[in-house]
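Predicted model only: the values in this text are computed from it and were never measured. Ligands are counted one by one from 1 in listed order, and the atoms in each one are counted from 1 as well.
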Amino acid sequence: MKKILVTGGCGFIGSHTIVDLIENGYEVICVDNNSRSNPRILEGVEKITGKKIKNYKVDICNFDDTFAIFQENEDIEGIIHFAAFKAVGESVEQPLLYFENNLVSLINLLKCVQEFSVPHFVFSSSCTVYGNPNEIPVTEKTPPKPAESPYGYTKQMGEQIINEFAKASSAQCILLRYFNPVGAHPSILIGELPIGRPANLIPAITQTAIGKLPQMQVFGNDYPTRDGSCLRDFIHVCDIAHAHTLALEYLRAKKNNLQCEVFNLGTGNGVTVLEAIQTFEKVSGVKLNYVIGPRRPGDVVAIYANNDLAKKQLGWLPAFSLEDMLSTAWKWEQKLKIDQKFYNEKFSELN
Ligand code: WQD
C-alpha cells in the first residue's frame, strides 16, 4: 500500500489533502503536535473517508521523536510537509520563533528522508515567496523578491534548503506555491479552524457575517488596482489538496525532469478584496458589515498565478469557482456556530 506521511495533517490544507489522498488509494499517517490545530478535525476526515487516521502527536522540531516515527513506519513512500507556523503578523513580532519552528522541523524531516531513503517529498510553499511582483500573473520563473515578513522568509529559505538537499540526495522533491487557499470540503465536515481573530480575509468575512465579529475592515482601498483594494488569487482548498495527490503521482511515475520542481497553485484569476466581499454577499444573501480602514503593513498590492505549468505537467485543473469557495466557507461557518462547543472543548484541553 502506498503509505504517505502528512505533517500538519490536522490543519486546514493538511486535513483536506488527507481526504484526497485516501480517496485516491493512499494509506496516510499524520504527525501533528496540535499546537496550532485541533485533532477533532480528523473525526471529520474519518466521516468522509471511512478511514481512521493515526496521528503521532509529535513536535517535528524534536529530532528523536520524529526519527522514531520513521523507525515504526519503514514503508513510508512519500512525505507531504504542511506543519509550520503561518501567521504573517505574528512572524513579524516573533521572528526567531518562526525561523526555529519552520526551519528546524524541515531539516529534521529531511534528515529522516535521507536516513530512511524516502523517495518523494512535497513541500507546502506559498506565493508569498514572490513578495510584491513587478509583473502579474507570476510564473514559477518570476524572480522572488525580498519577503515581506519572517514567515515569507521561512518559505523562501525552506525552498532553498530543499533545493540544495535534493542535489545531494536521491529524493525527488516538489515545491507547491499556494496562492490564497479558501473554502471548505463540500461535505462541510471539515474546514478552516482559525485560532483567535482571523488574520485572513475569508474567515474574517464569514465570522463577521455570522456575528462572531461585530465588523471587519478592508485594509485599504487606495491601491493602484481596478477598485483600489488588493488583488489576490483565491483557490479552493480541495483544488489545492488534489494537486498534492497529483504531485505524488507525477513523482511515482518518474515524470519529473529535475529532482526539485516548483508549481504555482492558483486559479489564474485575480479577484480584489471588494469583489470577494460582493461575491460573498451574493452567494450568502448577507449584507456584510465592513468599513474601509488603513492599509495593512506588508500587504502585497496585487498577485495572481500563471498556472500553466501545473496544468501541463501535473494534469491539474482547478474545479471550484469563487462562488463555490465562498459558499462552502459560509456553510462551514454556519456549521461551526452549532459545533463550536465540540471544537472548543477538545482544543481548550490541549492548549
Ligand atoms: C488577503 C487580502 C488583506 C483580512 C497570507 C500569506 C499567505 C497565506 C495566506 C499561509 C489582503 C485583505 C484581510 C481582513 C482585509 N498564508 N484583508 N481585511 O495576506 O494575501 O496571504 O495568508 O498560508 O502565505 O501571505 O492573505 O487573507 O490575510 O489577506 O482587507 O480582515 O485581504 O489586506 O489584501 P494574504 P489574507
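- At the shortest separation from atom 6 (C) of ligand 1 among protein heavy atoms lies Val88 CG2, 3.8 Å.
- In this structure, Gln156 contributes its side chain and Val129 its backbone to a donor-acceptor pair below 3.5 Å.
- Under 4.0 angstrom from ligand 1, the non-hydrogen atoms of Asn180 all belong to its side chain.
- In this structure, atom 2 (C) of ligand 1 lies nearest to the protein heavy atom Val273 CG2, 3.8 Å.
- Test Leu265, Leu309, Ile240, Leu176 against Trp316 for side chain to side chain contact (heavy atoms under 4.5 Å, CB included) and you get one pass: Leu265.
- Judged by distance alone, the side chain of Asn306 and the main-chain N or O of Pro137 form no donor-acceptor pair under 3.5 Å.
- Near Val218, meaning under 4.0 Å from any of its heavy atoms, are these atoms of ligand 1: 30 (O).
- Ala199 O, 3.2 Å is the protein heavy atom nearest to atom 4 (C) of ligand 1.
- In this structure, Phe280 and Trp330 have perpendicular ring planes: the angle between them is above 60°, well past the 30° mark.
- Residues Val28 and Ile76 fall into different hydrophobic clusters, defined by Ile, Leu, Val, Met, Phe, Trp and Tyr side chains chained together at heavy-atom separations under 4.5 Å.
- Looking only at protein heavy atoms, the nearest one to atom 18 (N) of ligand 1 is Gln217 O, 2.8 Å.
- Evaluated by nearest non-hydrogen atom to atom 34 (O) of ligand 1, the leading choice among Gly293, Cys230, Ser229 is Cys230.
- At a 4.0 Å heavy-atom cut-off, ligand 1 touches Asp299 through the side chain alone.
- More than 12 non-hydrogen atoms from other residues, nucleotides or ligands lie less than 6.0 angstrom from NZ of Lys335.
- Between Asn307 and Asn264, the closest heavy-atom pair is CB-O, 4.2 Å.
- Cation-pi check for Lys255 over Tyr250 is not met; the charged atom does not lie both under 6.0 angstrom from the ring centroid and within 45 degrees of its normal.
- Distance from atom 9 (C) of ligand 1 to its nearest protein heavy atom, with residue and atom name: Asn200 ND2, 3.8 Å.
- Relative to atom 15 (C) of ligand 1, the option among Phe234, Phe219, Phe82 with the closest non-hydrogen atom is Phe219.
- One option in Arg232, Arg296, Arg177 has a heavy atom closer to atom 29 (O) of ligand 1 than any other, and that option is Arg296.
- Nearest-residue assignment for atom 31 (O) of ligand 1 (options Ser126, Ala204, Pro297; heavy-atom criterion): Ala204.
- At the top of the distance list for atom 25 (O) of ligand 1, counting protein heavy atoms only, stands Thr128 OG1, 3.7 Å.
- The backbone N or O of Gly9 sits nowhere less than 3.5 Å from a side-chain atom of Ser15 that would complete a donor-acceptor pair.
- Protein heavy atom at the shortest distance from atom 27 (O) of ligand 1 is Leu201 N, 2.7 Å.
- Contact annotation: for Tyr151 versus ligand 1, heavy atoms closer than 4.0 Å belong to the side chain alone.
- Judged by a 6.0 Å distance limit and a 45° cone about the ring axis, Lys155 is not positioned over the six-membered ring of Tyr151.
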